[in-house]
Structures are given as structure tokens and as C-alpha cells.
Amino acid sequence: MNRHIESVEKENRLDPVTFEVLKNGFVNLVDQMAEQILRTCYSFVIYNRDFSCALCDAEGNTVMQGTQDISVHVGTLHLTAKAVLEDFMDDIYPGDVFLVNDPYRGGTHFNDTRVVMPVFHENRLIALMQTNGHWADMGGSTPGSFDVTAKEHFGEGVRIPPVRIYSRGTYLKDVVNVIVTNMRLPEERVGDLKAQVEAAAVGAKQLGEIVDKYGLETTLTAFEEVQNYVERLAKAKIKTLPKGTWETVDYIDMDPEAGDGLIPIKVKMTITDEEILYDLNGSHPYIGCFLNSGFGASLSAAYAGTKTFFPEIPLNSGFYRVVKVELPENSVVNAPSPISVTGFCSGAYEKIMNACFELWSNIMPERAIACSFNLEYLLIGGTDTRNGDSQYFMWYDWMAGGHGGRIDRDGVNATSPVFGVGLSVQSCEGQERLSPVITTKHEITTDSAGPGKYRGGCGVEKGGVLTNLTNTVMSYCCDRSRSVTWGIFGGLPSSPHGAWLNSGKEEEQFLGTIFSNVEVTSGDSFARPSAGGGGLGDPLERDVNAVLEDVIDEYVSVERARKDYGVVIREIDRDLDLFEIDYEATEIERQFIRKNRKSWLETDPILVEKLFQNGEIDKLDVIRRYGVVMDYAANKALHKSTEQLRETLRKRSAAYWN
């Protein structure tokens, strides 16, 4: 259960002008911290905006976050600040700086490493500045610290409880060395650490200027009032909403130790007169790999999933006062130490977020959005031999993909995951300069979008080849190869995730969505498609001219225009974008699909498996028409997972079909 916070005064104690100036001044303060990190960080991961900053009050409550912080950090930075206060409250002095990454103390995973800088005014603690950067490697058994085989965190890297790294202004080099020596590329880790410290110092300096101008008491009053303001806005919005309880379920693909069977994450939401209550009881016990989530990360997922539907409300601890979350202990959404949680971002986190999207889509249909593609990371680490010497390298990449279809428009193509909408798509040129990996393909994938009256956004395929390297391994953190990105209100799923090694060659190998320490050599190639977003609304209700435009744009193939939308299109000249709709054949095709599509979902999975093996149907037919989950490494149907997926398709899709 998230922490109880005392009720607050309802009246703003500042005049409107002063309040607005200070509120926006706090936003600017945090954004200036972000600009400092961006210009001084060492790692390419942080440079591509996998970081966030926050201004917290003396109790650790978030006063303000920045305008481009990524959602996964939302809702956890105040917990980190409170962890520092709990451990050091009577032992904090001007010039101190603390480091923490502990996912069992409110953090997310070890890579998200937080610098916390106390700010004093005349020897009185008045605030905490916090910068959180995703460090590309934290040590452990796998380059990049994403080891799917790790059941406990001891194989995932260095766990850092709140620890002092500056004491009264003195840099504790020995303490930092103990930490970073256990990581790959320690000099890069120190560079990121100092960039985060300097960014926190920028925030502290700017806060000092605000205090000098407006006075300490006015500034501290503003800390309270911006939180009260957000609380009042959120409660006012809640009063306009229907009251009641809604529930849904989403799934992680599997527990590698258990085989067939999706892993349920159950989310029940209750709206009262003044609160939004989430109850995740009934979610699966923690599983035997790193896709579990700790308490802080799951709390963040509920906050971020809710906030998506309230874009007009700023975000700080005032919002957390009205959103309460109950997380069952020893579960996949609240895994205890030492259970591994590094892959939470691809596992439990986005499932909670997308479940929230579905619940809120029923309550606020004017803002409805279907499921979005799953975050994934591909990590390649080893020795770079391009310059004649041997230097360690870390190629660390995430993909763009498609967001879900919306109530009145298609989903966004090729964009950042909902996990971190502020993330940048990494520059291929920058990656190639830093690592012996050349990108050979990076393009929108035809037919990747979930079909719907409003289709999902399109996914992307990225491929590459390894050049001059030795002693190199590849790891992958993803999900939704089985619990495929789903549609709502009649919409259909998109496409399965998964990575391929040496695709199209004799030694081609499908590696799936989670693997670690796969040995690779110079000349090996890889390819990985990201999914599109799920569709919203019945695909047979999509305007035929919109389908035609998708075919012209190569978002949808002629074949899938017929299979998914029932629109029969004849290609006249692809080079000139000349196509023609056969309206009579389209009407016949749509009638055929309407008559048969519910029965397709009841087809024996063994028959579907044979049809796929014989090449009579393809992977998208398997998912979108038959709702069958396959193990594509063996091309075998998974019967338990299939029934679980079909149950969700009956509720999210078939229930809305005429």
C-alpha cells in the first residue's frame, strides 16, 4: 500500500501571480538540471534521454518533475528521496551527496542510478535535488546487466543502498571506486555520476536564487501549494467521473521454468468520491526470471497509466495522494529481495500501464487507446578490435514501435514506448561510431499495426551486422511474443515480438524475446521487429479509402487489407502508387469475415498448427484470425497460452463484432 499522506489545506496561501511564477520556476529548475545532464553525460544511453530529474521537499515528496522525464521514473523518485532520509536523517550536512539504485527501496532496477543532493539554507535542510540516469552496465554476469537466467539479483549487478559519495563537499573517491570497479567501463560510469552530480548542483543553485528573490518561507509555502494544487485538480476531476469498480487482466509471456502458460497480472480499479484505488491482488506469484517488478516500479506503472488520461494535470506528490495502489507481496508485481527484477520494464511494468489504459478507455472513451507495443532492449557487449587495440564496448539499444489505436484516429507510428515516452530513438550513426555494429535496416514494418476501425501505429524492424569484435555476447529483454499486443472495442492484435540471429541464412536462429549471453562473432547479423499498437474498433468498419491509403503508404499489404479489413484492392502500378478498390468484392469479403470470424477463434489449435507448418496460413493469420499462441522456435501451438489469449480476444474483440 502506498504511504498515507495527511490531508492538506484547500486554500492557496499564495497570491495567484506568485504561485504561477514559482510553479513554473520549479519546472524550469528541473528542466535546467536535465539540460546539464544532456550536455555532460558520458554514456550514449543517457544522452538519448534515459534519465529524469526531480525537485523534492525536505520530506522527500516530489514538488516537481521535468517536462520530458520518462514515465518509468515517475512515481519512484520520491521513494528514493525518502529512503535517503530514512537512513541518514540525523547525519546529513551541507555538501553531502548520496547515491542509490536499490529496486527494493523504491527504485526500479539497478541500472537506474539516482544521485540525491540535499539543499540547505542557513543550515536548515529545505529540499532534495535528484537526478536519475540509466547506467549502461552495472556489472553482473551479462554485459548491460540484463541476465534472464538470474533468479536473484546477485547476478544482475551492483545493488547500491543509500550511500554517501560526497561528505561535506569532499568527493569520496574510495567509495565510488568500490562501486564502479564492479562494472564494465568504470570510467564511463564515473563520468555519468559526475554529470548527475553537477546537474543536481545546477538545481540547487537555481533554487538558491529563487529563495534569495522570494524568501525562504514563500518558497517553502510554494512547495506545499504546488502539491496541494495538483491534489485539488485531481480530486475535482475525480468528482466528474462515474463511481464504481472495473477490472481487467494482462499477461507476461511466460515463466521460463514453467513452460506453457501466460502469467496473469490482474488490475482492479475503484473510483470513489475523492480517490482512485488500484488492487492488483490475484496477480501471479513472482516468476523465475527478471521480468518481475518491485514495489516502487509497479507503483510508478499505476501512476503513469493513470496520468496518461489526465494530461492537463501536472505531476507531483499531490497526484499520489489521490491514487492508491495495493500490491500483493511475493508477486510478479511486488517481488521481494533478492528476487530478480531487472527486466521489470519489459515485464510487469508495461502490462500494468496497458491494463490501466484499457480500464480508463471504458471510463473515458473520448481518450481511449488500445495496447501499445512492448519495450525491448538488445544488448551486445565485448571487445572492439577496429582500431588495432582491444577496447571494451557496450552496444545498448531500444526500439521504436507503434502505440495503440485511439478513439478517433490511428495510433502513432514508430515512437517511443509508453514505458518512456521521452526516450529518443538512438542515432544509428552515433552507435556505429562508438561500437563495431553497423545498422543495415531500420524501417517501418508493413502489416505490423493491429487492425481496427482505427488501426494501431506501425512497428519498426531494425537489423545489423557485427564487424570487428571478439569475446562478444548478445542479450535481449522483451516480451509479447505470446501475449501479443492487443486491441480493444473490437480491434485486433498487432504482431509478435522476437529477435533473429543470422536471419535468411542457413544458420538462421529464432532467439525469442528473452535470452542472455548468446555468443556472437564478426559477420553475424541480427534482426528484430517491434510490434505495432493494437487496433481500436471493428476493422470491418474502417473506411475503405483509409485502407487504400495505408496500402499506398505501405503500412498495410494488399493481402492483409483483404484478410484483416475485408477490403479487396487491385494493384495497378506500385511505382506510381496506382491501386483500385473492388467495391463489390469488398462487400462479399466483409460478409464472409463477419460470418466466420467468431468460429475461427474456436478452431482446434492442432489444426491451426498444421496449417501454419504447411504454409497455408502465416504468423498474422495465426494470431489475428485464430488467436493461437505458437512457440516459433519449434513451430508448435501452446494450448494453455492459446486458451488464455482467446479468452481476452473474446472480451476485447469478438464481443464488439456484429
Side-chain angles (χ1 to χ4, degrees), residues 27 30-31 34-35 37-38 45-54 62 64-77 108-109 111-112 132-134 293 297-316 319 344-358 360-361 364 367-377 397-407 409-427 444 449 456-460 477-480 485 494 497 530-534 536:
V27 174
V30 179
D31 283 347
E35 289 301 313
I37 290 179
L38 198 61
V45 174
I46 294 180
Y47 179 74
N48 284 278
R49 302 205 72 97
D50 197 344
F51 67 86
S52 296
C53 305
T62 302
M64 197 60 66
Q65 294 204 209
T67 55
Q68 203 172 335
D69 292 330
I70 67 173
S71 57
V72 68
H73 301 156
V74 170
T76 64
L77 297 181
T108 49
H109 55 187
N111 299 76
D112 285 338
N132 177 23
H134 182 114
S293 177
S298 292
L299 195 66
S300 165
Y303 291 152
T306 307
K307 180 64 174 65
T308 300
F309 281 74
F310 298 89
E312 68 276 15
I313 300 178
L315 187 67
N316 60 31
F319 191 77
F344 83 97
C345 40
S346 294
Y349 186 91
E350 286 195 342
K351 309 308 184 300
I352 297 172
M353 275 197 77
N354 280 292
C356 292
F357 289 174
E358 183 183 17
W360 283 106
S361 292
M364 303 172 67
R367 294 181 176 177
I369 182 172
C371 184
S372 294
F373 86 104
N374 206 87
L375 172 77
E376 52 86 83
Y377 292 122
D397 190 47
W398 54 79
M399 286 273 281
H403 282 202
R406 292 167 287 177
I407 196 62
R409 68 196 69 184
D410 297 334
V412 180
N413 298 327
T415 193
S416 300
V418 294
F419 165 95
V421 292
L423 288 173
S424 300
V425 176
Q426 295 187 44
S427 158
I444 286 178
C458 292
V460 173
C477 174
C478 191
D479 203 56
R480 292 206 188 278
T485 304
S494 60
H497 278 280
S530 65
L536 186 148

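- Rounding to the nearest 0.5 Å gives a distance of 6.0 Å between NZ of K307 and CG of L315.
- Under the 30°/60° scheme for interplanar angles, the aromatic rings of F344 and F419 are found to be tilted.
- How far OG1 of T308 is from NE2 of H403: 9.5 Å, rounded to the nearest 0.5 Å.
- Distance alone, capped at 3.5 Å, is enough to place a donor-acceptor pair between the N413 side chain and the C458 backbone.
- A distance of 11.5 Å separates CD in Q426 from OH in Y47, rounded to the nearest 0.5 Å.
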*Residue pair I369, W360: steps toward the side chain to side chain contact (heavy atoms under 4.5 Å, CB included) verdict*: CA-CA 9 Å; I369 182 172; W360 283 106; over 6 Å; no
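- Checked options E350, K351, E376; the residue passing with D479 is K351 (criterion: side chain to side chain contact (heavy atoms under 4.5 Å, CB included)).
- The heavy-atom pair separating G533 from S494 by the smallest distance is O-CB, 3.7 Å.
- When all heavy atoms of V421 and V418 are compared, the pair lying nearest together is CG1-CA, 3.9 Å.
- If you check the side chains of S300 and T76, you find no donor sitting under 3.5 Å from an acceptor.
- Annotation: side chain of C478 is not in contact with side chain of M399 (no heavy-atom distance under 4.5 Å).
- Taking each heavy atom of H109 and C345 in turn, the nearest pair found is CE1-SG, 4.2 Å.
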*Working for side chain to side chain contact (heavy atoms under 4.5 Å, CB included), residues L423 and N48*: CA-CA 6 Å; L423 288 173; N48 284 278; over 6 Å; no
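- Nearest heavy atoms, Y349 versus V72: OH-CA, 3.1 Å.
- Between the side chains of N374 and H497, not a single donor N or O lies within less than 3.5 Å of an accepting N or O.
- Relative orientation of the W398 and Y377 rings is perpendicular, given thresholds of 30° and 60° on the angle between their planes.
- Nearest heavy atom pair, residue A400 against residue A414, reads CB-C, 3.6 Å.
- The distance from atom CG of D69 to atom CZ of R49, rounded to the nearest 0.5 Å, is 8.5 Å.
- Put simply, the side chain of T485 never gets that close to the backbone of G534: no donor and acceptor are under 3.5 Å apart.
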*Check step by step if side chain to side chain contact (heavy atoms under 4.5 Å, CB included) holds for S71 and M353.*
CA-CA 10 Å; S71 57; M353 275 197 77; 4.2 Å; yes
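- Taken from CD1 in I407 to CZ in R367, the straight-line distance is 13.0 Å, to the nearest 0.5 Å.
- Interatomic distance, CG of L38 versus CG of D31, reported as 11.5 Å (0.5 Å rounding).
- Of all heavy-atom pairs spanning S52 and L77, the tightest one is CB-CD1, 4.4 Å.
- Put simply, the side chain of S530 gets close to the backbone of V460: a donor and an acceptor are under 3.5 Å apart.
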